[in-house]
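Note sheet for the following structure.
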Amino acid sequence: MLIYRKTSIEVIQMRFDLTEEQQKLKEEIRSYLDSHITKELLDELKENPDGGPLWRQYIKELGEDGWLGIGWPVEYGGQGRTPLEQYIFLEEIERTGVNIPFITLETVGPTLMKLGTEEQKNYFLPKILKGEVEVAIGYTEPQAGTDLASLQTRAIRDGDSYVINGQKVFTTNAHMADYIWLAARTDPDAPKHKGISIFLVPTNLPGFSVTPMNLIGERSNVSYYDNVRVPLSALVGEENKGWEYITTQLSLERLMLSTYSRMERMIEETIEWASENEFDGVRVIDQPGVRDNLAELTVEMEILRLLNYRAAWAHSNEKSAPYRPSMNKVFAAELNQKVFDTCMQIMGMFGQLETGSEWAVADGYAPENAKRRLVYLFGGGANDVQRDLVARFGLGLPKS
């Protein structure tokens with residue numbers, strides 16, 4: 001399908017589908033991942049979701065074989081392909097269910113590439129593409145969540161250093177990270193959106209500490225900054241420009257959270273199971289409403305796929321619209337709930353079996369994992385806030 005948009009200067013043509021070369025790339029990536037994700041690796045991740053030696057070796061191999069940054073510039077170790085092709089890689093990784101350092105690769109790295117200093121780009125970007133660095137996000141505070149600009153963590157300039165004091169919550173993966181992408185207030189007298197800066201804080205510095213917190217059954221963290229002294233080079237870009245850097249990173253995170261491939265896999269596995277199993281002598285796929293429900297899910301998932309291709313394409317073809325990632329993220333988060341809830345209902349009691357059971361239909365999507373999907377409703381910003389952004393920047397409605 002082709003879409004044409006007229007402007008005063010030119011006609012822009014967008015193809016809402018993959019080219020033949022991109023489709024071959026998709027198949028190549030899937031084949032590579034199938035050959036590298038072993039039973040031993042999956043067993044290790046069941047025992048230790050944070051990842052052990054086999055997982056770390058897997059990430060290292062992805063980096064060495066050039067897959068982590070296929071859409072990154074060659075000068076930083078990438079393949080120089082387009083953002084859409086980087087997104088294709090992201091979808092194929094998501095489909096496997098084996099995580100990689102998504103936040104670092106898909107959000108922090110591209111933001112540094114756009115807004116970081118040359119020193120930061122040259123140091124961090126090649127390491128990210130080799131799987132040698134992991135970064136956690138330090139934004140939310142006990143009194144600054146939805147209204148993030150109200151954050152109170154302070155970074156005070158002291159000679160050739162900044163001294164940081166404060167506390168963050170929901171600092172996911174901070175217990176494994178090498179750095180925290182930290183938002184701190186550097187000008188307390190400026191309007192709240194204007195006096196914020198971003199720092200890359202090494203987690204091995206004196207004064208930094210982490211304690212675990214439960215996030216819907218998953219580990220997150222509270223991170224503490226007690227007179228943490230960082231060099232001037234830890235400041236990302238320019239002082240007091242942090243709000244721009246936050247919104248850039250969050251925009252990328254929202255697109256990252258909008259992937260469709262795990263939903264696609266769940267629908268495929270449900271269709272296969274429902275076609276092969278019977279209830280009261282009738283195949284499950286032929287039970288009332290089952291085909292209609294699966295068809296509806298498939299159509300909505302296809303819409304999400306095209307929306308995400310459109311958003312990824314826009315990175316290199318037009319000025320980014322700030323509302324698109326928010327729009328996609330809301331649609332994806334709610335569709336995610338709908339897909340997995342509907343498929344588990346179709347499976348009936350089989351959909352209630354824990355991962356590892358010999359009778360489990362779709363390993364990795366069992367009830368003990370269902371709570372993880374709730375994270376999509378507020379990860380990258382709560383859905384109600386995203387709707388407000390779409391209304392303001394997409395529809396032009398006044399701020400409420």
Side-chain angles (χ1 to χ4, degrees), residues 50 101 103-104 107-109 111-112 115-117 119-120 123-124 127-128 132-215 218-250 253 378-381:
D50 287 341
I103 289 291
T104 308
T107 76
V108 171
T111 304
L112 273 179
L115 301 168
T117 65
E119 179 184 0
Q120 290 164 346
Y123 178 80
F124 284 102
K127 288 182 178 293
I128 289 173
E132 296 176 353
V133 170
E134 183 160 0
V135 183
I137 303 299
Y139 289 160
T140 307
E141 298 180 2
Q143 304 302 322
T146 300
D147 184 13
L148 182 58
S150 296
L151 63 88
Q152 296 300 311
T153 295
R154 290 288 307 276
I156 299 175
R157 176 77 178 266
D158 182 24
D160 59 357
S161 303
Y162 285 92
V163 179
I164 301 173
N165 283 280
Q167 175 186 343
K168 300 289 182 178
V169 294
F170 304 126
T171 322
T172 302
N173 289 340
H175 59 298
M176 303 187 301
D178 304 291
Y179 293 85
I180 307 296
W181 176 272
L182 183 77
R185 191 163 299 283
T186 42
D187 185 352
D189 297 323
K192 65 180 185 178
H193 289 85
K194 301 294 185 181
I196 297 171
S197 299
I198 296 293
F199 298 87
L200 277 163
V201 179
T203 56
N204 60 359
L205 291 179
F208 174 82
S209 60
V210 170
T211 57
M213 66 179 299
N214 188 294
L215 179 62
E218 295 288 304
R219 172 166 179 165
S220 189
N221 301 283
V222 181
S223 55
Y224 303 91
Y225 308 82
D226 182 9
N227 289 319
V228 176
R229 185 175 292 271
V230 298
L232 297 183
S233 59
L235 174 69
V236 175
E238 299 180 46
E239 189 176 85
N240 297 325
K241 295 290 185 68
W243 191 252
E244 176 187 354
Y245 305 167
I246 289 171
T247 56
T248 298
Q249 184 275 326
L250 282 175
E253 184 175 342
F378 54 83

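Just so it is clear, the values below take in all heavy atoms, side chains as well, and ignore hydrogens, waters and symmetry mates.
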Practice item. Might you point out which heavy atoms bring F208 and V228 nearest each other, and give the distance in Å? Key: N-CG2, 3.6 Å
Point to revise | Closest contact, heavy atoms only, R185 versus A149 | key: NH2-O, 2.5 Å
Practice item. Give, for atom OG of S223 and atom CZ of F170, the distance between the pair rounded to the nearest 0.5 Å. Key: 11.5 Å
Check your understanding: Hey, is the main chain of A136 close enough, under 3.5 Å, to the side chain of N173 for a donor-acceptor pair?
Key -> no
Check your understanding: Using a distance-only test with no angle check, is there a side-chain donor-acceptor pair under 3.5 angstrom linking N240 and T186?
Key -> yes
Review point. Between CG of L235 and OH of Y162, what distance do you get to the nearest 0.5 Å?
Key: 4.5 Å
Check your understanding: Taking side chain as C-beta onward, heavy atoms only, is N227 less than 4.5 Å from N165?
Key -> yes
Exercise for review: Name all residues meeting the salt bridge (charged side-chain N to carboxylate O under 4.0 Å, His left out) criterion together with E253; count only those two or more places apart in sequence or in a different chain, and write none if there are none.
Suggested key: none
Revision key, fill the gap. The side-chain contact (heavy atoms from CB on, under 4.5 Å) partner of V135 among I180, L182, L200, V201 is L200
Check your understanding: Hey, are the side chains of I196 and Y245 touching, using non-hydrogen atoms and a 4.5 Å cut-off?
Key -> no
Revision key, fill the gap. Interatomic distance, CD@E239 vs CG@L232, rounded to 0.5 Å, equals 9.0 Å
Revision key, fill the gap. Hits for side-chain contact (heavy atoms from CB on, under 4.5 Å) against Q167, two or more places apart or cross-chain, chain-then-number order -> P142, V169, V222, Y224
Exercise for review: Please assess V210 against T171 for the test side-chain contact (heavy atoms from CB on, under 4.5 Å), listing each intermediate value before the final yes or no.
Suggested key: CA-CA 9 Å; V210 170; T171 322; over 6 Å; no
Practice item. Find out whether Q143 and Q152 are in side-chain contact, i.e. whether some heavy atom of one side chain is under 4.5 Å from a heavy atom of the other. Key: no
Check your understanding: Which heavy atom of L151 sits nearest a heavy atom of A183, and at what distance?
Key -> CD2-CB, 3.8 Å
Revision key, fill the gap. In this structure, CE of M213 is separated from CZ of R219 (nearest 0.5 Å) by 11.0 Å
Exercise for review: Assess the side chains of Q249 and T107: does a donor N or O sit below 3.5 Å from an acceptor N or O?
Suggested key: yes
Point to revise | Point-to-point distance, once rounded to the nearest 0.5 Å, from OG1 of T111 to CD1 of I246 | key: 11.0 Å
Exercise for review: Output every pair passing salt bridge (charged side-chain N to carboxylate O under 4.0 Å, His left out) with a member in residues 140-169, not counting sequence neighbours, ordered by first then second residue.
Suggested key: E141-K168, D147-K192, D158-R229
Practice item. Mind running side-chain contact (heavy atoms from CB on, under 4.5 Å) on Y139 and L250 for me, showing each step along the way? Key: CA-CA 10 Å; Y139 289 160; L250 282 175; 4.0 Å; yes
Study note, to complete from the structure: Heavy-atom nearest pair, G109 first then I128, reads CA-CD1, 4.0 Å
Check your understanding: Any side-chain heavy-atom pair from I198 and W181 closer than 4.5 angstrom?
Key -> yes
**Study point:** Minimum-distance pair of heavy atoms, taken over all atoms of V230 and P202
**Key:** CG1-CD, 4.4 Å
Check your understanding: Can you name the nearest heavy-atom pair linking S150 to A144, along with the distance?
Key -> C-CB, 3.8 Å
Check your understanding: Side chain of T117, backbone of G237: donor and acceptor closer than 3.5 Å?
Key -> no
Check your understanding: Between the main-chain N or O of L115 and the side-chain N or O of E238, is there a donor-acceptor pair closer than 3.5 Å?
Key -> no
